[in-house]
Protein chains: 2
Amino acid sequence: MSNIRDVARLAGVSAATVSRALSHPEKVSYERLEKVRKAIAQVGYRPNMMARNFRFARAYAVVVLVPDISNPFYSLFIRALEDRAQQKGYTVLLGDTRGIPEREIEYIRRVESHLADGIVQLRPDSKTTQNNMPPDIPCVNACGCEYTVGPAIRIDNRSAAKTVVNYLISLGHKCIGVISGLKDNPHAIDRLNGYKEALAEAGIPFEKDLVTEGDFTMWSGLNAAVKLCNMKVRPTAIFSMNDEMAIGAMQILKNKGIRIPEDMSVTGFDDIAYSKYSDTSLTTISQPAEEMGKMAMDMLVQVIEGEPLSQLEYVLPTEFIIRESTGPAPGKK
Amino acid sequence: MSNIRDVARLAGVSAATVSRALSHPEKVSYERLEKVRKAIAQVGYRPNMMARNFRFARAYAVVVLVPDISNPFYSLFIRALEDRAQQKGYTVLLGDTRGIPEREIEYIRRVESHLADGIVQLRPDSKTTQNNMPPDIPCVNACGCEYTVGPAIRIDNRSAAKTVVNYLISLGHKCIGVISGLKDNPHAIDRLNGYKEALAEAGIPFEKDLVTEGDFTMWSGLNAAVKLCNMKVRPTAIFSMNDEMAIGAMQILKNKGIRIPEDMSVTGFDDIAYSKYSDTSLTTISQPAEEMGKMAMDMLVQVIEGEPLSQLEYVLPTEFIIRESTGPAPGKK
DNA sequence: TTGTATGCGTTATCAG
DNA sequence: CTGATAACGCATACAA
């Protein structure tokens with residue numbers, strides 16, 4: 001591989017001139033600029049970015065910490081993040097933690113050892129996260145819940161959930177089952193609070209047995225739905241905390257001959273692509289995943305570059321999308 | 001940020017000793033090892049990996065070039081790749097090209113400028129790809145088709161497709177529509193060849209009107225299905241070249257009152273998670289995405305480190321999974 | 001405008 | 001076993 005001195009020698013100038021020709025061409029005479037240009041072409045010189053980054057003590061790279069990249073919501077987010085990163089001259093280092101703290105720490109270490117300049121955090125488990133994250137490393141929390149600290153991009157999970165449940169109530173549903181994420185998942189907590197608020201405002205008592213626990217996978221949604229079906233008083237609607245679990249639930253309901261939405265309404269959360277195309281298309285909450293990815297990147301770069309943040313937290317709007325999986329409670333019209 | 005000399009000063013040793021204490025502790029006396037250990041802890045020293053990489057002229061990073069990370073097959077592959085990379089001390093740089101050649105080139109440049117050591121290529125468009133890829137940069141083609149050059153991990157698209165179509169034929173189907181990817185997509189070409197072979201061996205003439213073109217999205221599958229339904233002689237089965245398009249197709253078929261599989265059979269390709277949970281679960285080909293991701297990483301590291309490759313190409317087995325979306329041709333039993 | 005000299009943090013070499 | 005030194009490739013302060 002040729003370096004800047006090879007080019008300089010060939011062009012008959014100093015290495016400094018070659019460097020300037022590339023970074024500050026206005027400071028170099030036209031004549032030498034041409035010489036340098038030719039020499040660069042002749043040897044096929046490519047500046048060594050690693051050396052340059054090293055000199056600037058900057059990696060121009062960010063880590064994105066994600067529990068599972070195969071989750072469609074996350075992959076959409078990351079796609080937008082990467083897009084923005086590329087625009088800004090940054091590289092995205094993929095950190096799929098699978099929820100394992102050691103892996104998270106491994107990636108935090110990458111920042112501490114200067115292989116990346118900051119972290120975008122999609123990990124919702126804020127307790128662990130905040131324990132592991134040293135306060136001095138640039139970090140944006142992009143899966144924020146109500147009680148995150150530091151720069152954050154988030155949605156209002158609570159009021160979104162409330163909107164969904166309000167809608168179900170308006171359709172006459174009084175017994176609404178919940179398929180939750182893991183109980184200590186911040187999203188699950190916020191969304192459950194929305195559910196409770198909606199119930200309270202409608203004067204419906206909260207029944208904790210109606211809340212089943214899943215882990216955001218289709219399989220867990222299926223299992224949770226089985227439990228809900230076997231209850232003494234079977235709910236007439238299911239509020240699932242994400243689309244995957246709702247899809248899993250719908251499959252088993254249909255297998256059992258329960259019609260959707262005639263016998264039971266089902267709602268999701270996220271609006272992943274499959275929700276629109278699933279056989280009974282899913283009523284759900286759409287999150288602005290791409291907008292969130294872009295904003296997270298913008299925000300992180302601001303933090304990295306030491307620019308002041310005009311806002312510490314951005315709460316983005318969600319959209320409630322009504323499709324075929326919801327209808328009037330049985331017996332209502 | 002503290003550096004190696006700060007530690008050395010504090011420990012009362014030379015920088016070289018600190019370096020050795022970290023990299024070759026067996027070459028350092030126990031006494032000084034302890035001193036160094038304490039000093040490191042005291043100042044919270046983290047070795048600057050960028051400086052170390054710079055010195056070794058290695059990035060310990062690889063680029064993964066993918067047309068669309070939100071595609072579940074790709075994200076599974078990448079998850080496994082990242083897993084293996086982490087095991088081997090490498091970082092994965094995410095390169096979502098969205099099929100745009102300029103973006104691909106941008107990432108190739110990252111390797112040329114020493115920000116990464118090599119590339120795993122998931123881009124199936126081998127023509128463009130090979131035009132852009134300089135011969136001297138380590139690269140593994142992981143979405144290989146029959147005519148890729150260089151190190152490759154792939155499946156036998158042709159024979160997998162043939163298996164599917166053979167099965168449909170065995171069910172009595174004689175008029176089998178195809179939802180293809182873009183006509184010049186290597187996967188689409190290989191799979192279409194499999195389709196043709198199966199037909200030929202069964203003595204069924206190939207009808208080119210039965211081949212509709214999609215772009216591997218659900219939406220395009222839906223549109224293609226509409227075309228197939230409107231044909232003079234409507235096919236009794238649809239061979240879709242991926243699951244997404246099959247899911248899109250199934251939705252519109254059901255909307256039109258066409259029963260699956262009684263009136264029409266549908267098959268997919270990839271076996272993404274949703275195929276199992278979609279309302280009529282999908283008969284499809286399962287690709288070993290995770291195995292492919294791991295092997296691609298192993299292979300790339302071998303190339304990077306200059307180890308000889310025992311095999312230039314690995315063809316991994318696929319599995320044919322029969323679910324509910326296929327059945328006997330109408331009129332057959 | 002241009003060239004020279006220096007340093008970024010690390011590690012291998014070599015002499016002690 | 002240890003320390004001083006040079007080198008990796010680049011960009012800047014400074015001198016000319």
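None of these values were measured; they are calculated from a predicted model. Below, chain A is the first sequence line, B the second, and so on; all start at residue 1.
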statement: Distance col, row B/Ser310:OG vs B/Gln302:CD, nearest 0.5 angstrom, shows 6.0 Å

Base, sugar-phosphate or nothing for [X]? Non-hydrogen atoms, less than 4.0 Å.
X       : result
A/Tyr30 : nothing
B/Glu26 : sugar-phosphate
B/Arg52 : sugar-phosphate
B/Arg5  : base

To the nearest Å, how far apart are [X] [atom1] and [N] [atom2]?
X       : N      : atom1 : atom2 : result
B/Ile4  : C/dG7  : CD1   : P     : 18 Å
B/Arg46 : C/dT10 : CZ    : P     : 13 Å
B/Met50 : C/dT11 : CE    : P     : 14 Å
A/Lys35 : C/dT2  : NZ    : C1'   : 11 Å
B/Phe54 : D/dA7  : CZ    : C1'   : 9 Å
B/Lys27 : C/dG16 : NZ    : C1'   : 16 Å
A/Arg9  : C/dG3  : CZ    : P     : 14 Å
A/Arg58 : C/dC8  : CZ    : P     : 18 Å

Between [X] and [Y], which heavy-atom pair has the shortest distance, and what is it?
X       : Y        : answer
A/Leu76 : A/Ala289 : CB-CB, 4.0 Å
B/Tyr45 : B/Asn3   : CE1-C, 3.6 Å
B/Gly89 : B/Tyr60  : O-CB, 3.8 Å

query: Judged by modelled atom types alone, do B/Asn141 and B/Gln121 share a side-chain donor-acceptor pair under 3.5 Å?
result: no

Hey, are [X] and [Y] close enough for a salt bridge, meaning a charged N less than 4.0 Å from a carboxylate O?
X        : Y        : result
B/Arg110 : B/Glu106 : yes
A/Asp96  : A/Arg103 : no
B/Lys294 : B/Asp83  : no

message: Donor-acceptor pair, distance only, cut-off 3.5 Å: does the side chain of A/Ser19 make one with the backbone of A/Ala15?
response: no

- prompt: So does A/Asn48 get a side-chain nitrogen or oxygen closer than 4.0 Å to the phosphate oxygens (OP1/OP2) of D/dG9?
  reply: no

task: Look at A/Arg55 and C/dT6 and indicate whether a side-chain polar atom (N or O) is within less than 4.0 Å of OP1 or OP2.
output: no

message: Under 4.0 Å, heavy atom to any atom of DNA chain C: which of residues 14-23 of chain A qualify?
response: A/Ser14, A/Ala16, A/Thr17, A/Arg20

- prompt: Relative to B/Phe56, does B/Arg58 satisfy both conditions: NZ or CZ under 6.0 angstrom from the six-membered ring centre, and within 45 degrees of the ring's axis?
  reply: no

- request: Quantify the bending of the helix from C/dT1-D/dA16 to C/dG16-D/dC1 as the angle between its end axes, each fitted on five pairs, to 10°.
  value: 50°

statement: B/His24 has its side chain closest, among C/dA12, D/dG9, C/dT10, to C/dA12

- line: Looking only at D/dC10, C/dT1, D/dG3, the nucleotide nearest the B/Val13 side chain is D/dG3

